2 protein chains.
Amino acid sequence: MATINDVAKLAGVSPTTAKRAINEPHKLQPQTLEKVQWAIQQLDYEPDLTAGALRRGRNLTVGLLVADIVEPFFAELAREIGVRLRNSNYGLLLADNEYQTEIELHNLRHLAGQRVSALIMRPSYGPGNREYLLKMQDKGTYIIEVDHHMPDSPFDYLMLDHEQCIRMGLEHLWKLGHTRIAGLGTHHPELYPEWRAHHFDRIMREHGHPVLSAYREIIRYNEQDAYEFTRYLLNLQERPTALFAFNGTEAIGAYRAIQEAGLSIPEDISLLAFDNLPWTALVKPGIDVIEQPIQQMGELLVHQVLKNMDGPRTPLHKLLPGKLIVRGSCGGPSGK
Amino acid sequence: MATINDVAKLAGVSPTTAKRAINEPHKLQPQTLEKVQWAIQQLDYEPDLTAGALRRGRNLTVGLLVADIVEPFFAELAREIGVRLRNSNYGLLLADNEYQTEIELHNLRHLAGQRVSALIMRPSYGPGNREYLLKMQDKGTYIIEVDHHMPDSPFDYLMLDHEQCIRMGLEHLWKLGHTRIAGLGTHHPELYPEWRAHHFDRIMREHGHPVLSAYREIIRYNEQDAYEFTRYLLNLQERPTALFAFNGTEAIGAYRAIQEAGLSIPEDISLLAFDNLPWTALVKPGIDVIEQPIQQMGELLVHQVLKNMDGPRTPLHKLLPGKLIVRGSCGGPSGK
DNA sequence: TTGTAGGCGTTATCAA
DNA sequence: TTGATAACGCCTACAA
């Protein structure tokens, strides 16, 4: 495995010069440059990134900590971030937290140990790892949160404007005449401080249609929980006339429960969901969804990260608007 | 940032001893051990993985190179691998190749530079990077291929038994009476040596129903190509009576094209697909699919990788059977 | 424009 | 059971 020293020796120059042929070729005399390039070719030299990482205090990698890589939103985000990092010669160190603080901490330790240049993370709920993250930041790791952000969190963030999206979705339902609307999942200030659920509750209340207490339950963002909760909702005496799924995976669970109950969309019940997943356009009628600008997120994130990981920092606290796509899964409330 | 030397100093021992308290605590006297542990606590010591990586020649990370992280099969595979690596204190360095050799090479260079301990990869088509991969292997990186494998590839592999799956799928269709079956995508020995397409062609031929030349076209594994190709197929005079989608994303494109053409499944055309994605159970009728044992793949892969990345190697060339799930998207061939 | 030298934190080897 | 020492390959002052 050739090192820069071998290259230098073969080219008859010092290692410093040899390295410059790669990093600042314009600072070398043409003939020197050529000699070094020749030697690099000869020896098939490729830099050892681990040595650079040790010396520099950080590796050429960005940590991406998502909640669940199987959730299409995160998979797409990972791709958008990944391709852009690749274009800047950075790698992607991927980890997940399954929305759990302890798993998150384990992964943070690893990422910190690997000296990631920056960290893009979807925080788990609760302030559990705040202290650790602050330590990482003090040591120079640039940290930015995505998708979720604790109200008092000291980090940069970039995420969907959850409030605008919830309001947009509700106005869509209100116009159709719905008032008995259930959100799939309930806000809890500490345990589960989910923004979409939070705004849902608040905006419904402010609009004069507080969410029925029978509709309020804390569930996880997964298909099974959404399925079971929907079944429960459909069996209520005061059955909701519309369901609002707070992410794509929940929508699958809800849809399945509605089908199994033998109910029709939108005649018996309306369904509105976050995330424009491919299947939502395939079923009949198509599902009304709120689409996130994932590409734009990836672009802004990578730009921000590259700009801020060394040198002075420009804070970023940004909310991006979502887009409502109407396909027919929401109609007027049923007579029941 | 405390180093092991700081710990050693505080504990009044040598760095060697201090490190042993972490790696081989049983080799220390209880009191020494305690002193060191105390010092570690005091200083909040966490090892610098980049230093270890430099010294050891590899980092505590496994490279995972998939074709496309948004394809649910790869996302699930990444999760299964990720959780298991985490349990062994390894990280996951993720990259993709978009099925393209040049992108793959770029990512391989990065992964090699980062000195990944092992590499799990879904190779792009063609032998383009063979030489580079062999060099990596010579330098000690354990490499195993997943999902696809060139016939003469010298690496270990673990993948679906594509042949068994194609045969199983075709037998399902044959029993229903289909002979005009089109696979979404065609095998090309060099350009696109796709196993599923290859076996599809061969098995159809051997069964006495060679695929019509009008059905043979090379397309990429993505929704748009599958959509367009399906549209083309549906407009043929000799329209196929059944479509076989070779992965989950293709199935989406095919389904969309069938819907837009105003055709009914399975009355007008049957659809069979690889990958048991959530949506295939939601549409009516549900899609008949071939499911891959992704969890088992993750388990075997991580086990193999951890066992083989240092020390002597046990070759692995394994095919796992898929499972046919029948839901109703395949019926008898239409009269047309 | 080019070169020298020291150290980043760990780990492997050898010695005590 | 413990310790001293020497790299691993690169990068950054600084010097020439």
Side-chain angles (χ1 to χ4, degrees), chain A residues 1-37 39-40 43-61 89 109-110 112-115 117 139-140 310-311, chain B residues 1-37 39-40 43-61 89 110 112-117 139-140 310-311:
Chain A
M1 226 163 338
T3 75
I4 197 64
N5 287 296
D6 302 330
V7 172
K9 235 171 269 169
L10 181 59
V13 299
S14 77
T16 320
T17 304
K19 207 52 185 173
R20 267 200 267 265
I22 297 173
N23 295 329
E24 319 161 289
H26 56 280
K27 288 196 176 175
L28 294 191
Q29 277 197 331
Q31 41 176 340
T32 317
L33 181 59
E34 209 173 331
K35 268 192 303 184
V36 177
Q37 285 173 334
I40 288 177
L43 298 175
D44 203 10
Y45 168 74
E46 293 189 18
D48 181 334
L49 269 25
T50 67
L54 171 59
R55 178 58 235 250
R56 205 178 7 237
R58 65 180 102 107
N59 72 7
L60 295 182
T61 280
N89 283 305
R109 277 190 212 285
H110 184 90
Q114 293 283 6
R115 302 285 187 267
S117 297
K139 287 178 196 160
D310 23 45
Chain B
M1 229 167 331
T3 76
I4 198 64
N5 287 295
D6 303 330
V7 171
K9 237 172 268 170
L10 181 60
V13 299
S14 78
T16 318
T17 304
K19 207 52 184 173
R20 267 201 268 266
I22 296 172
N23 295 328
E24 319 162 290
H26 57 281
K27 288 195 177 174
L28 294 191
Q29 278 197 330
Q31 41 177 338
T32 317
L33 181 58
E34 209 173 332
K35 268 191 306 184
V36 178
Q37 285 174 335
I40 287 176
L43 297 176
D44 202 10
Y45 168 75
E46 293 189 16
D48 181 334
L49 267 26
T50 66
L54 170 59
R55 180 57 238 242
R56 204 175 10 234
R58 63 183 107 103
N59 72 5
L60 296 181
T61 280
N89 283 304
H110 184 90
Q114 293 284 2
R115 302 285 186 267
V116 291
S117 297
K139 288 178 197 162
D310 22 46

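In what follows, every heavy atom counts, from backbone to side chain, and hydrogens, waters and symmetry copies are set aside. Here the structure is a predicted model, which means the values were calculated and not measured. Just so it is clear: chains get the letters A, B, ... in the order the sequence lines come, proteins before strands, and each one is counted from 1.
- For the side chain to side chain donor-acceptor pair (under 3.5 Å) test, residues two or more places apart in sequence or in another chain that qualify with A/D44 are B/K135.
- The salt bridge (charged side-chain N to carboxylate O under 4.0 Å, His left out) analysis of residues 8-23 of chain B, with sequence neighbours excluded, yields no pairs.
- Spacing between atom CG of A/N23 and atom C1' of D/dA13 amounts to 16 Å, rounded to whole angstrom units.
- Not counting sequence neighbours, the partners of A/E46 by the side chain to side chain contact (heavy atoms under 4.5 Å, CB included) test are B/R109, B/Y132.
- Scored by the salt bridge (charged side-chain N to carboxylate O under 4.0 Å, His left out) test, B/K139 finds no partners at all (sequence neighbours excluded).
- For A/N5, the side chain to side chain contact (heavy atoms under 4.5 Å, CB included) criterion is met by A/T3, A/P15, not counting sequence neighbours.
- Between the CG atom of A/D6 and the CD1 atom of A/I40 there is a distance of 12.0 Å, given to the nearest 0.5 Å.
- Residues satisfying the side chain to side chain contact (heavy atoms under 4.5 Å, CB included) test with B/A18, not counting sequence neighbours, are B/I4, B/V7, B/A8, B/V13, B/V36.
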Its contact letters, B for base, S for sugar-phosphate only and - for none at protein heavy atoms under 4.0 Å, make nucleotides 2-9 of chain D read BBB-BBBB
Show me the donor-acceptor pairs, under 3.5 Å and distance only, between side chains in residues 51-59 of chain A and residues at least two apart or in other chains.
unit_1	atom_1	unit_2	atom_2	d
A/R56	NE	A/R58	O	3.4
A/R58	NH1	A/M309	O	3.2
A/N59	OD1	A/T61	N	3.0
A/N59	ND2	A/Q114	O	3.0

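- With sequence neighbours left out, A/S14 forms a side chain to side chain donor-acceptor pair (under 3.5 Å) with A/T17.
- For DNA chain C, the span of nucleotides reached by chain A at under 4.0 Å from its heavy atoms goes, 5' to 3', from C/dT1 to C/dG9.
- Taking a 6.0 Å sphere around CD of B/E24, one finds it holds more than 12 heavy atoms contributed by other residues, nucleotides or ligands.
- Direction of the helix axis in the helix from C/dT1-D/dA16 to C/dA16-D/dT1 shifts by 30° between the two five-pair termini, rounded to 10°.
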